[in-house]
Amino acid sequence: MNVNHKNTRLFQSTFQYCLQIYNLYAKLVIFAAEKKKTTSHSVTMAYNNKETYTREQIEEIKAWYDAHQAELPKEIELCQGEVCKDLPKMVGAVLATAEEQFNNPTFKRLLQYLFDVRQKIEGQA
């Protein structure tokens, strides 16, 4: 059996990158909860009740990024303390995950990142 080790390593590194982003968001949710004097449990519960994304929503956001790929900044700050140093790489990794995990509740915050970045970019234009 011939296995393409380059693709396997690329998938593993992409998956690890997505998990790092997801873990960062989990920490940000807890931090935001502490700043607002609410419990992280109530924030998590509200977050978990959000519906997952549809394939159409993912296709729409993917089409938007494909159309604006040349205009993407290398670095973006969504809010104070939340900076993405390599936006094109991050978008590619999250879009790859989105195509497979769009209806998985575990990844919904990671996928929301795509919409947050688009909103920030459109607001700067």
Side-chain angles (χ1 to χ4, degrees):
M1 182 171 162
N2 186 8
V3 176
N4 189 335
H5 293 290
K6 182 178 180 181
N7 286 343
T8 302
R9 280 182 276 153
L10 177 62
F11 173 77
Q12 289 172 342
S13 65
T14 301
F15 185 73
Q16 289 171 347
Y17 188 70
C18 290
L19 285 178
Q20 288 173 351
I21 293 171
Y22 180 77
N23 288 332
L24 173 64
Y25 270 102
K27 291 176 186 176
L28 287 172
V29 166
I30 292 169
F31 176 75
E34 291 170 356
K35 291 293 260 184
K36 292 181 179 179
K37 302 292 185 206
T38 61
T39 65
S40 60
H41 177 72
S42 65
V43 171
T44 302
M45 289 302 292
Y47 167 73
N48 285 336
N49 289 331
K50 182 183 178 298
E51 294 181 18
T52 57
Y53 290 98
T54 63
R55 181 167 298 283
E56 292 78 23
Q57 288 172 306
I58 298 304
E59 291 298 322
E60 182 267 329
I61 196 73
K62 184 178 184 308
W64 186 90
Y65 278 105
D66 287 345
H68 294 85
Q69 187 174 10
E71 304 163 14
L72 291 179
K74 176 76 173 161
E75 181 177 300
I76 192 168
E77 182 175 5
L78 283 178
C79 62
Q80 185 177 4
E82 184 181 352
V83 178
C84 179
K85 296 285 187 183
D86 192 349
L87 185 60
K89 181 178 179 180
M90 185 282 303
V91 166
V94 175
L95 283 173
T97 301
E99 290 176 356
E100 296 293 323
Q101 303 294 337
F102 68 93
N103 61 351
N104 184 338
T106 303
F107 291 91
K108 65 185 165 192
R109 182 61 194 124
L110 177 63
L111 303 182
Q112 178 61 42
Y113 193 75
L114 294 171
F115 294 91
D116 293 347
V117 169
R118 177 178 69 176
Q119 183 178 6
K120 176 76 172 185
I121 291 171
E122 288 176 339
Q124 291 175 351

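Everything quoted here is computed from the prediction, not taken from an experiment. We're numbering straight along the sequence, starting at 1.
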With a 4.5 Å limit on heavy-atom distance, are the side chains of [X] and [Y] in contact?
X      : Y      : value
Thr52  : Gln57  : no
Gln101 : Leu110 : no
Ile121 : Arg118 : no

At what distance, to the nearest 0.5 angstrom, does [atom1] of [X] lie from [atom2] of [Y]?
X      : Y      : atom1 : atom2 : result
Gln112 : Ile61  : CD    : CD1   : 9.0 Å
Glu60  : Phe115 : CD    : CZ    : 6.0 Å
Leu114 : Lys62  : CG    : NZ    : 11.5 Å
Glu100 : Ile58  : CD    : CD1   : 12.0 Å
Thr97  : Ile21  : OG1   : CD1   : 8.5 Å

For this session: Could you tell me whether Glu71 atom CD has more than 12 heavy atoms of other residues or ligands within 6.0 Å of it?
Result: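 Yes, because the 6.0 Å sphere around CD of Glu71 holds more than 12 heavy atoms from other groups.
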
For this session: Could you please spell out the steps behind the side-chain contact (heavy atoms from CB on, under 4.5 Å) verdict for Lys74 and Asp86?
Result: CA-CA 5 Å; Lys74 176 76 173 161; Asp86 192 349; 3.1 Å; yes

For this session: Output yes when Glu82 and Lys120 qualify as a salt bridge under the 4.0 Å nitrogen-oxygen rule, no when they do not.
Result: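 Salt bridge flag = no for Lys120 with Glu82.
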
For this session: Mind listing the closest non-hydrogen atom pair of Phe102 and Thr54 along with its distance?
Result: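 Shortest heavy-atom separation between Phe102 and Thr54 comes out as CD1-C, 3.7 Å.
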
For this session: Indicate the atoms forming the closest heavy-atom contact of Pro88 with Pro73, along with that distance.
Result: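 Where Pro88 meets Pro73 most closely, the heavy atoms are CD-O, 3.7 Å.
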
For this session: Is it possible for you to say whether Val94 and Val83 belong to one hydrophobic cluster, with membership spreading through side-chain heavy-atom contacts below 4.5 Å?
Result: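 Val94 and Val83: separate clusters.
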
